[in-house]
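Here the structure comes first, spelled out in structure tokens, and everything after it is commentary.
Proteins come first, then strands; the chains are lettered A, B, ... in the order of their sequence lines, and each starts at number 1.
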There are 2 protein chains.
Amino acid sequence: MQSDLAIANQVKLKPIHEVIERLNIREDEWEPYGHYKAKLSLDLIDRLADKQDGKLILVTSINPTPAGEGKSTVSVGLGQALQRLGKKTVVALREPSLGPVMGLKGGATGGGYSQVVPMEEINLHFTGDIHAITTANNALSAFIDNHIFQGNTCGIDTRRITWKRVLDLNDRSLREVVVGLGGVKQGIPRQDGFNITVASEIMAILCLATSYQDLRERLGKIVVGYKLDETPVFVRDLNVQGALTLLLKEALKPNLVQTIEGVPAIIHGGPFANIAHGCNSIVATKLASKVADYVVTEAGFGADLGAEKFLNIKARVGNLTPNAVVVVATIRALKMHGGLDKQFLVEENLSALEKGIVNLEKHVETIQAFGLPLVVAINQFGTDTEKEIDFIKSWCARRRIEVSLTTVWANGGRGGEELARQVLATIEQDNSSFKPLYDLSASIKEKMTHIAKQVYGAKGIELSAVAEEQIKLFNKYGWDKLPICMAKTQYSLSDQPNLIGRPRDFIIKIRELRPSIGAGFIVAMTGEVLTMPGLPKEPAALKMDLDDQGRASGLF
Amino acid sequence: MQSDLAIANQVKLKPIHEVIERLNIREDEWEPYGHYKAKLSLDLIDRLADKQDGKLILVTSINPTPAGEGKSTVSVGLGQALQRLGKKTVVALREPSLGPVMGLKGGATGGGYSQVVPMEEINLHFTGDIHAITTANNALSAFIDNHIFQGNTCGIDTRRITWKRVLDLNDRSLREVVVGLGGVKQGIPRQDGFNITVASEIMAILCLATSYQDLRERLGKIVVGYKLDETPVFVRDLNVQGALTLLLKEALKPNLVQTIEGVPAIIHGGPFANIAHGCNSIVATKLASKVADYVVTEAGFGADLGAEKFLNIKARVGNLTPNAVVVVATIRALKMHGGLDKQFLVEENLSALEKGIVNLEKHVETIQAFGLPLVVAINQFGTDTEKEIDFIKSWCARRRIEVSLTTVWANGGRGGEELARQVLATIEQDNSSFKPLYDLSASIKEKMTHIAKQVYGAKGIELSAVAEEQIKLFNKYGWDKLPICMAKTQYSLSDQPNLIGRPRDFIIKIRELRPSIGAGFIVAMTGEVLTMPGLPKEPAALKMDLDDQGRASGLF
């Protein structure tokens, strides 16, 4: 089997201006970044304001397992299939974070014959958006510590600083640190910690901002900590929202590349789907829907996290309505949800499949609860047996759910044509009656309960004493009308990673709340949520290399 | 007076492909980064290997003072003047570090009508080179800590890790930190610290590497720390030199922009001139000399630091020979070297000037000691009086030193024509007999003594007990044949910042040595050398902003 990089390298890419021209983007509305990448101007959205939006297809999945689901691969493959069927299509995806690329993943741009390219550049630095966010985030930290060092006129309580530093790396050693050591000239000692950059509130803000003005306002609203009397300190109190906006000037412009079959791909923004909302940027999705008739986008992790937040948070801010949802699953992953160990996945096991398919069932119900039509996409593997496939098909038929097998990894767009036809038919029927699952006017507790019950299938929620106190404080500050961004394990519908399949009768425990006022949501922390990953014993980086001619290897 | 940004914004920039075409660079030898920036392929150096090199002009200066000398401004202005005189010229400068831009400087791309543009983009993120270095540096830190966490097969002594993390920010709070806190799952607690990225050995390596292969070898040779028995641990022992090289793939390609008058400018690399060698990259200088007949380049701080290292380190590695040196001074700065306080600089003061000109005298002697012809450039200010100017002129005449007044800030290339003519005449005479000041075969102590006596005018050097021990160790490891990179205050010829002018009878105290084996030099630390700057009470960032149309302000 060829590596993704080897496959990507065989493709003759179109010069990016050819991709641009097909989208009727004007010369002054884009800038090249190398021969195969471009940044698009935000002015495009204004110029095309009156143009009807393209149809929006949201790709989500079951809870991820170590078996792999291939959501990005299916998203790219579906885009390619739609193009093969003659539809003017753009895929709109998230930017890969370098941390996981160097750690476990080795690459995050789809796979096989359904990739976005140049995969190597997209995976490494790309157009610098994430580096700009790292810089803005850490500049803010430096401004905070300098403000305190220079006299602390804002009266920030150094024990109550909530703003953390970030790096776009997997680095467990930075999770908890003490900074400001070394004596009077080096600052004020205090506890701090580093998150991975995609967990920065600035990443979430970039993805929800609709203009430079909106970006600047949101940055000013970030809460960096509290004073002794527990009143919040905002970025605007430090007067650095202008500098932070300036640092993000280029980063707010969506990036255009192409898929391996030449479908335009807008890759922009990539917030964590636990601590943040896990979707690509609103400006990218909007821009895609202005230049294409069909937009394929994805949301992070399973439908309980990424899709829920796409629909309750991003869609609300961006005034977006998906026309259809694709729920990706694999037979292998469903068997794992049925309790089968990874080593036995290659063998046919109908009882594990039957036991595990309830995970898919719950996610399907969730999408239906949002009033959205859906298609299940089974990302086929060579080891899937005919009986297993038949089981899935009849399971879906009984529930009147459209289902389609795809082979987009091996066959590119051709392997997704059946799925594309079903999606087109579903959009044609226009059965959508989309509505977010909760009203913003509900209380913080009500909103969290809604999500826990309707999306996770929990009996209810339980708040820690800390969370109860925080709600009182947040009500006082007027933050109770914001949507909720649940920070929960991606591996289970519950807050316990080992509860696979479709757990029932569980309670979601809310440990702590975090106000992301700039992003415009309240993060509810359940269980232990890791915001700075660690490296494995053998990081993917050990295999990476560059030869004397500047050719990369070891990305996959 | 208009701000630099305002002046830069009035210029109609040439599309970068026009700049490229004038240099006879082929279409497959460059990539655009936006409309006004490009990355150049290293293949160009090979293709033009047989072409005769252009003449190399090195710009250096007296010891910097708070009055400002304008070395970058003169470098750009001289390049523009040479172009006005019909010479095919390229300026080759360093990339600005974001830390000082957000802190005190507000910009570092020359000034007035002698700037490189687009100044805003060059000052902020540029083409991402420095971010790539930050990433590679910190990925290495993560690999080190992960190696220890996962079993430490290399036997690294956690108290002897010398590799530090970096950020491209001014952030004093990160100078001394403790990482790895939080218990068994978060790593191993140890002391660490952050430098500013331009102080990273990886920046020095990038600037001295002559090919991808050389880059990879140098990265492998970095010493990250020591084992319990004090034997060194190299990057190649961790087997991550390939991944680090891959992360620097784009960063090694020189960047092309233009000056305000359309002179091609290659801006690439920017190591600190104290802890590192303070020059732009060898590949950039080489490439510039292949595509132009005249190359103007600069080295950091005064001639005691940047020029000394250009001539003893960079020139040796890159096999470069400057054809002429320009020593920049201002009357204001010379008066400060004569002991005058900044507030009195606007008044004529011949005795302060006479007292301070000895600083210039020493730097002139140093350049002559290298066997190089030179021209003194007086960067003129409106407050300079006729008598002061006459004094300088006759001082130079008595010593048969060429001197020229320039007004490049106000008048661009036109203000540097006299200087350009003198430089051309100097090159024409071909009096160069360049030779580095010491042989590599000399001992570490001999090499340090050479620099201290011949370049600083010291009586000699004094080594701490630590440094004495280190020399024994370094001899054992075969590191004694490397050049020396002195880390010394830039404000004085001595190791004490307040000893301005031309101090005599002083001893240079060597506190500690640091092996930069990847870069290929031994750093000798004198006095206190700050490798992570702090922010001032009112950082330049407070004035920066971006308006609703995406227009920047507050850079200067």
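With a threshold of 4.5 angstrom between heavy atoms, Lys39(A) does not approach chain B through any atom at all. Of the two parts of Glu120(A), only the side chain, counted from C-beta on, holds a non-hydrogen atom closer than 4.5 Å to a non-hydrogen atom of chain B. Both the backbone and the side chain of Pro32(A) have a heavy atom closer than 4.5 Å to some heavy atom of chain B. If you measure heavy-atom distances from His125(A) to chain B, the contacts under 4.5 Å come from the side chain alone. Within the 4.5 angstrom heavy-atom criterion, no atom of Asp168(A) approaches chain B.
For residues 135-143 of chain A, the interface with chain B (any heavy-atom pair closer than 4.5 Å) comprises Thr135(A), Asn138(A), Ala139(A), Ala142(A), Phe143(A), sorted by residue number.
Side-chain N or O atoms of His35(B) include none that pairs as donor or acceptor with a backbone N or O of Glu31(A) at under 3.5 Å. Using modelled atom types, one side-chain atom of Gln150(A) and one backbone atom of Leu535(B) make a donor-acceptor pair closer than 3.5 Å.
Looking only at heavy-atom pairs under 4.5 Å with chain B, the residue among Ala132(A), Ala38(A), Gly34(A), Gly550(A) that has the most is Gly34(A).
Under the side chain to side chain contact (heavy atoms under 4.5 Å, CB included) test applied with Val179(A), the options Leu174(B), Val178(B), Val179(B) reduce to a single match, Leu174(B).
For the residue pair Arg172(A) and Lys185(B), the shortest heavy atom distance occurs at CD-O, 3.5 Å. Ser173(B) approaches Gly187(A) most closely through the heavy-atom pair OG-CA, 4.4 Å. Nearest heavy atom pair, residue Tyr212(A) against residue Asp547(B), reads CB-O, 4.0 Å.
Rounding to the nearest 0.5 Å places CE of Met102(A) at 6.5 Å from CG of Leu246(B). Between the CD atom of Gln213(B) and the CG atom of Asp548(A) there is a distance of 4.0 Å, given to the nearest 0.5 Å. We find the NZ-OG1 distance between Lys537(B) and Thr153(A) to be 7.0 Å, quoted to the nearest 0.5 Å. To the nearest 0.5 Å, the span separating CG on Leu169(B) from CG on Asn146(A) amounts to 12.0 Å.
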For a side-chain contact (heavy atoms from CB on, under 4.5 Å) check, start with the C-alpha distance between Arg165(A) and Asp171(B), then their side-chain angles and the critical distance, and finish with the verdict. CA-CA 12 Å; Arg165(A) 290 174 163 91; Asp171(B) 192 346; 2.9 Å; yes
Kindly determine whether Leu247(A) and Leu98(B) satisfy side-chain contact (heavy atoms from CB on, under 4.5 Å), including the steps that lead there. CA-CA 10 Å; Leu247(A) 285 171; Leu98(B) 198 58; 3.9 Å; yes
